[in-house]
Amino acid sequence: MQHYDLLLVFSADGDLLPAVQSAQEHGAKIGMIVSRQQPARILKNKVDFLVPLEMILNKIPGEDLLVRRNINHHNQRERLA
């Protein structure tokens, strides 16, 4: 594995746990950027620091954001106005 000092995870997917652990074993610090509404307990307990997504959303231009909504039990993406 190539050496990285810092890796940021933009996901709450517990399937990333082995990758997070491997990177930490190689000396990387892991940050997780995730919504406060995401449970993600497994990853939240393993990463070195958390950044709530809500803290950085206002720094991202609206035209670059996609919002995901459950409509009729199907995930659909809409571009924010």
Side-chain angles (χ1 to χ4, degrees):
M1 173 182 248
Q2 196 170 7
H3 179 76
Y4 295 97
D5 295 324
L6 174 65
L7 296 172
L8 297 175
V9 176
F10 288 81
S11 176
D13 189 342
D15 289 345
L16 292 174
L17 184 59
V20 166
Q21 290 173 323
S22 177
Q24 288 173 323
E25 289 168 4
H26 287 87
K29 296 291 182 195
I30 310 294
M32 183 176 176
I33 300 174
V34 66
S35 173
R36 289 183 179 116
Q37 298 174 5
Q38 289 286 341
R41 283 186 296 269
I42 294 171
L43 278 179
K44 285 181 178 178
N45 290 332
K46 290 293 183 181
V47 298
D48 297 294
F49 64 92
L50 291 168
V51 177
L53 179 62
E54 294 81 2
M55 286 182 59
I56 64 169
L57 279 177
N58 65 345
K59 306 207 182 309
I60 302 170
E63 64 270 10
D64 293 333
L65 292 174
L66 294 176
V67 65
R68 190 172 58 175
R69 292 193 172 104
N70 284 336
I71 302 171
N72 296 329
H73 304 290
H74 296 285
N75 286 337
Q76 295 184 358
R77 292 178 185 241
E78 300 173 4
R79 189 163 285 283
L80 289 178

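We count residues from 1, following the sequence as given. Worth saying up front: this structure is predicted, and the values here are computed from it rather than measured.
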_Atom CD1 of Ile42 with >12 non-hydrogen neighbours under 6.0 angstrom_ = no
*Give a yes or no on this: more than 12 heavy atoms of other residues, nucleotides or ligands lie within 6.0 Å of atom CZ of Arg41.*
no
*How about Lys46 and Ile30: do any of their side-chain heavy atoms sit closer than 4.5 Å?*
no
_Rounded distance (nearest 0.5 Å) linking atom CG of Leu16 with atom CG of Leu43_ = 6.0 Å
_What I'd like to find out is whether the side chain of Leu53 reaches to under 4.5 Å of the side chain of Gln38, using heavy atoms alone._
no
*Which heavy atom of Val34 sits nearest a heavy atom of Ala12, and at what distance?*
CG2-CB, 3.8 Å
_So which atom in Leu7 and which in Ala23 form the shortest heavy-atom distance, rounded to 0.1 Å?_
CD1-CB, 3.5 Å
_Under the side-chain hydrogen bond (donor to acceptor under 3.5 Å, both in side chains) definition, can you give me all pairs with a residue in residues 5-15, not counting sequence neighbours?_
His3-Asp5
_Is it the case that over 12 heavy atoms from other parts of the model lie below 6.0 angstrom from the NZ atom of Lys44?_
yes
